[in-house]
Amino acid sequence: MIDRRSLFTMLLVPLAALGVPARAQDHNEANYDEAKVPVYSLPDPLVKNDGSPVKTAAGWPARRAEILALFEEHVYGRTPDAARAAKLPAKVTQTIPDFLDGKATLKEVTLTLGEGVDLHLMLVLPNQAAKPVPAFLGLNFRGNHSVHPDPRIALSTAWMRPDKDGNVVDNRSTEVSRGAAAGRWPLETIIGRGYALATIYYGDIDPDFDDGFENGVHAVFGKPDGPGAWGSIGAWAWGLSRGLDYLETDGEVDAKHVAVLGHSRLGKTSLWAGAQDQRFAIVISNDSGCGGAALSRRAFGERVGRINTSFPHWFCDRFLEYNGNEAALPVDSHELIALMAPRPVYVASAVEDEWADPKGEFLSAKHAGPVYALFGKTGVGIGEQPPVDSPAGDTVRYHVRTGKHDVTDFDWAQYLDFADRHFGRK
Ligand code: GTR
């Protein structure tokens with residue numbers, strides 16, 4: 001009779017002979033069992049690559065540069081210098097002074113990269129507030145016209161994500177999709193609080209499928225050599241910076257007080273934009289999950305192997321080396337959050353969004369704390385994930401709210417309060 005150990009060996013040896021690591025069978029699967037979270041140790045954001053410690057705020061920029069380079073090299077890929085340096089001429093194509101029943105002015109602006117790449121930025125400005133006003137800037141998933149049903153907003157003619165049946169008709173440039181995402185963009189509330197809202201359709205920047213650098217901004221700058229070439233998240237983050245370039249030229253916006261935010265894959269994007277571009281005064285991650293705020297090493301919910309299988313174009317090719325091998329990553333998401341320091345950063349989760357690992361998102365926020373402490377700032381200030389609907393923390397703030405993967409009025413209420421507090425408006 002074969003004992004259990006021999007049976008185990010018999011099963012593993014053939015896999016190993018094929019070069020398949022023992023865990024390769026499951027690294028694509030989501031894990032929802034805390035008991036299966038591996039024992040892990042996180043890289044220390046305050047220990048430099050040469051092993052020396054960082055003890056003061058003055059020592060942080062050098063360490064920060066190392067961490068940023070590791071994220072470029074191993075996770076998101078490097079934004080080409082030529083793309084970073086690109087200046088996109090802006091043209092205001094439409095101004096609607098009586099938007100939202102006269103409470104707001106809507107401006108549509110085209111930012112032109114050339115070779116067919118135009119970024120359409122929609123800016124909603126509060127009419128009542130004294131200018132310049134602080135702003136939120138975020139990408140949207142379904143076109144600017146999905147943000148509000150006003151028929152005067154230009155319909156996007158760009159590539160659109162198919163729906164779950166693979167159908168693009170309802171999404172693409174039809175009246176049907178007007179206002180379809182309005183629930184995620186409470187414009188009246190935002191402008192009522194004295195903020196502007198700027199948004200760009202993410203598909204304008206890089207269509208969201210694995211196209212091998214054939215379209216969007218990737219096509220303009222060509223595919224850089226090597227496994228560190230930027231993926232789609234890198235491209236979308238680049239677009240956010242170009243949006244901020246424009247806001248810097250718009251006299252009605254206080255570009256020194258712009259909060260960048262995003263949901264889900266676009267939350268991963270807002271984090272990567274905020275990490276690279278320190279002009280963003282506040283960075284907000286809404287349910288960003290794997291490859292965003294959630295610690296990769298927990299391998300909980302969506303995991304590195306799974307995300308790289310579903311979305312091989314989001315990250316750089318080198319990130320694929322960490323499929324089922326998260327412990328080998330030279331960085332983890334707490335260091336992504338730490339790259340925002342000393343700026344305020346908000347990490348938000350939803351309790352039913354286990355796929356995004358709410359606990360792992362909290363732990364990233366928590367373990368960024370020592371970097372904020374260098375600056376005398378308080379991080380989340382608690383050791384354990386707070387109760388549902390109970391935001392915690394000061395410069396690093398976190399909540400897990402009731403409900404599912406989405407952007408809700410509760411989320412926005414927190415972001416507005418957070419911005420008020422850190423922009424000195426309260
Ligand atoms: C899911 C993906 C998540 C998240 C989400 C989204 O399919 O697994 O990481 O990014 O999409 O962006 O909607």
Side-chain angles (χ1 to χ4, degrees), residues 26-32 71 75-77 138-143 146-147 159-166 168 171 177 180-181 183-185 199-210 216 231-237 239-240 260-274 283-316 319-320 322-324 326 329 332-333 336 347-361 364 400 403-408 411:
D26 64 9
H27 74 235
N28 280 348
E29 299 308 317
N31 169 41
Y32 294 116
F71 274 101
V75 183
Y76 303 107
L139 302 180
N140 68 74
F141 279 100
R142 297 184 64 181
S146 72
V147 168
W159 168 91
M160 291 275 156
R161 267 170 91 188
D163 65 19
K164 59 179 173 18
D165 303 318
V168 291
N171 274 355
S177 54
R184 288 182 174 178
W185 302 95
T199 186
I200 301 172
Y201 170 51
Y202 86 135
D204 281 356
I205 305 163
D206 189 34
D208 188 2
F209 60 94
D210 192 10
S232 289
I233 291 174
W236 300 326
L240 283 167
V260 65
L261 89 167
H263 171 60
S264 205
R265 71 198 67 183
L266 300 179
K268 310 180 208 300
T269 302
S270 65
L271 288 171
W272 185 227
V283 182
I284 301 169
S285 152
N286 193 90
D287 306 355
S288 63
C290 181
L295 287 178
S296 296
R297 278 169 174 73
R298 273 177 46 81
F300 189 94
E302 184 178 32
R303 304 155 64 157
V304 172
R306 175 62 202 246
I307 203 167
N308 278 330
T309 304
S310 311
F311 307 103
H313 58 294
W314 282 1
F315 302 90
C316 69
F319 194 48
L320 274 65
Y322 304 100
N323 292 354
E326 294 86 351
L329 259 172
D332 214 321
S333 296
L336 181 62
V347 176
S349 309
V351 76
E352 290 170 28
D353 188 16
E354 291 277 282
W355 180 251
D357 186 14
K359 184 173 176 187
E361 295 183 315
S364 276
V400 54
K404 63 182 176 59
H405 188 69
D406 201 356
V407 191
T408 67
D411 295 320

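Order of listing sets the numbers, starting from 1, for every ligand and every atom in it.
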Separation between CG of Asp357 and CG of Asn31, rounded to the nearest 0.5 Å: 9.0 Å

Gap separating the CG atom of Leu295 from the CD atom of Glu326, nearest 0.5 angstrom: 11.0 Å

Region of [X] engaging ligand 1 - heavy atom pairs below 4.0 Å:
{"X": "Lys268", "value": "side chain"}
{"X": "Trp314", "value": "side chain"}
{"X": "Ile307", "value": "side chain"}

Between ligand 1 and Trp355, is the shortest N or O to N or O distance under 3.5 Å? yes

Per-atom filter on ligand 1: closer than 4.0 angstrom to a heavy atom of Ser264 are 4 (C), 5 (C), 6 (C), 10 (O), 12 (O), 13 (O)

Hey, mind stepping through His313 and Asp210 against side chain to side chain donor-acceptor pair (under 3.5 Å) and telling me if it holds? CA-CA 5 Å; His313 58 294; Asp210 192 10; 4.9 Å; no

Does one side chain, of His405 or Asp353, offer a donor that lies under 3.5 Å from an acceptor on the other? yes

Answer with yes or no whether the side chains of Trp314 and Asp208 bring together a donor and an acceptor at under 3.5 Å. yes

Can you pull out the closest protein heavy atom to atom 7 (O) of ligand 1? Residue, atom name and distance to 0.1 Å, please. Phe311 CZ, 3.3 Å

Show your reasoning for whether side-chain contact (heavy atoms from CB on, under 4.5 Å) applies to Ile307 and Phe315. CA-CA 9 Å; Ile307 203 167; Phe315 302 90; 3.9 Å; yes

Selection from Glu302, Arg161, His263, Arg265 by shortest heavy-atom distance to atom 9 (O) of ligand 1: Glu302

